Amino acid sequence: MKINLVTLLFIFSLLILSRSAHGQNFNLYNNVNDFLKVASENQIEIREWRVVYGSIMENVEQADLNKMVTTLIRDESFSWSEEGNEIHHKTITGVKGNDQEGVQITISLIKKGELFDVNQSYQIKGKKWVSLNKGKAFNIPAQFKKGNPYITVAGKKVGQDINQLESNILDSLSASYVEGLKEKNFISISGLSNKFDDNIQTKTGEVFNVQIGLRKSENKEIQITMGTPIITTEY
């Protein structure tokens with residue numbers, strides 16, 4: 001059987017795309033577990049980890065919006081709900097899973113004349129280590145992968161000096177200090193680690209790809225939030 005050049009190129013392209021997608025998912029799986037390993041090394045009790053893909057589309061036509069929404073809500077593995085209306089502001093939410101682990105899709109619509117601004121996000125959450133099998137959850141629908149993912153891990157620890165814990169976390173992440181704010185019972189810093197690829201530039205031209213937030217309460221419990229390239233939740 002003869003295979004012409006066009007067919008060979010087509011097969012080769014599919015292989016490259018498949019390997020690229022697998023590599024991206026595998027890196028994400030590794031990055032989440034990198035933070036969970038840091039938590040384990042520092043005896044931090046994990047409250048939750050999240051992976052968030054978010055994107056904003058401006059001036060979307062009604063027909064394109066309808067097609068986007070119809071394609072999403074066709075997935076019956078999610079429970080879908082709506083708030084508001086398309087005249088002013090509307091939010092469509094899909095949830096799959098439970099309190100321990102799951103996926104949430106959120107699409108927020110703001111009407112501008114005859115067009116729409118669309119803010120959409122795809123969130124994966126969990127509380128435990130991610131097995132390679134569960135890493136398949138990182139097969140994000142293409143329409144959400146317009147930007148890079150944000151990883152956030154939250155936990156707590158009792159009875160350690162807050163400054164020492166900050167130093168230990170930086171060491172576990174193989175990260176160097178870039179900038180930050182330090183108070184008696186609150187620390188918020190940015191660092192640079194070779195474990196993660198995406199970087200963000202500061203106003204002074206330095207780059208960072210890790211953020212750490214520590215807040216100590218009166219009962220000596222420290223709330224810990226770590227993320228790359230930035231923390232996307234309040235801390």
Side-chain angles (χ1 to χ4, degrees), residues 28-54 83 91 93 95-104 106 121-131 134-135 137-138 148-196 198-200 202-203 206-235:
L28 189 55
Y29 152 84
N30 279 338
N31 288 344
V32 172
N33 280 338
D34 281 337
F35 277 107
L36 298 182
K37 183 179 178 182
V38 169
S40 178
E41 289 176 353
N42 292 280
Q43 295 81 50
I44 296 170
E45 180 184 340
I46 294 296
R47 189 173 77 246
E48 182 182 75
W49 59 260
R50 284 181 183 265
V51 174
V52 180
Y53 277 87
E83 290 184 3
T91 302
T93 304
V95 178
K96 176 168 61 175
N98 51 50
D99 291 339
Q100 298 295 315
E101 57 185 30
V103 178
Q104 178 173 310
T106 305
S121 70
Y122 190 100
Q123 283 192 79
I124 310 166
K125 69 174 184 177
K127 292 188 176 181
K128 300 178 181 178
W129 286 77
V130 186
S131 68
K134 286 188 177 181
F138 298 146
N148 293 317
Y150 295 86
I151 299 171
T152 304
V153 175
K156 64 181 181 180
K157 186 174 183 180
V158 178
Q160 185 171 3
D161 177 77
I162 190 171
N163 292 289
Q164 185 60 56
L165 182 57
E166 172 230 330
S167 178
N168 292 349
I169 291 174
L170 280 174
D171 287 344
S172 294
L173 284 168
S174 301
S176 57
Y177 177 91
V178 175
E179 64 177 11
L181 169 67
K182 295 188 179 184
E183 299 176 352
K184 181 180 178 181
N185 292 314
F186 176 73
I187 294 175
S188 176
I189 63 170
S190 299
L192 183 63
S193 170
N194 59 12
K195 291 179 179 290
F196 312 107
D198 299 325
N199 297 326
I200 292 178
T202 68
K203 293 180 180 179
E206 296 181 275
V207 294
F208 69 91
N209 58 9
V210 167
Q211 287 192 323
I212 302 167
L214 306 174
R215 186 181 295 276
K216 192 169 187 177
S217 62
E218 292 181 358
N219 64 3
K220 297 185 179 181
E221 181 178 273
I222 302 175
Q223 297 294 328
I224 302 120
T225 309
M226 306 175 284
T228 183
I230 61 172
I231 295 172
T232 57
T233 60
E234 291 186 5
Y235 63 96

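Because only heavy atoms are used, hydrogens play no part in the values below, and waters and symmetry mates are left out as well, while side chains stay in. Given the structure is predicted, the values throughout are model-derived calculations rather than measurements.
- Not one N or O on the side chain of Asp171 forms a donor-acceptor pair closer than 3.5 Å with the backbone of Ser174.
- Using a 4.5 Å heavy-atom threshold, the side chains of Ile212 and Leu173 count as touching.
- Here the side chains of Val178 and Val207 are not in contact, with every heavy-atom distance at 4.5 Å or above.
- Nearest approach of Pro229 to Pro149, heavy atoms of both residues: CD-O, 3.8 Å.
- The side-chain heavy atoms of Met226 and Ile169, taken from C-beta on, include a pair separated by under 4.5 Å.
- A distance of 5.5 Å separates CG in Asn168 from CD in Gln160, rounded to the nearest 0.5 Å.
- You'll find the side chain of Lys182 reaches within 4.5 Å of the side chain of Ile189, heavy atoms only.
- Using a 4.5 Å heavy-atom cutoff, the side chains of Ile230 and Phe208 are in contact.
- Using a 4.5 Å cut-off on side-chain heavy atoms (C-beta onward), Ile231 and Tyr150 make no contact.
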* Asked: Given Asp198 and Asn209, is the side-chain hydrogen bond (donor to acceptor under 3.5 Å, both in side chains) satisfied, shown in steps?
  -> CA-CA 6 Å; Asp198 299 325; Asn209 58 9; over 6 Å; no

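- The 12-atom threshold is exceeded at CZ of Phe196, counting heavy atoms of other residues, nucleotides or ligands nearer than 6.0 Å.
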* Verify side-chain hydrogen bond (donor to acceptor under 3.5 Å, both in side chains) between Asn42 and Ser172, making sure each step is shown before the conclusion. => CA-CA 8 Å; Asn42 292 280; Ser172 294; 3.1 Å; yes

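- Within 6.0 Å of NZ in Lys220 there are 12 or fewer heavy atoms belonging to other residues, nucleotides or ligands.
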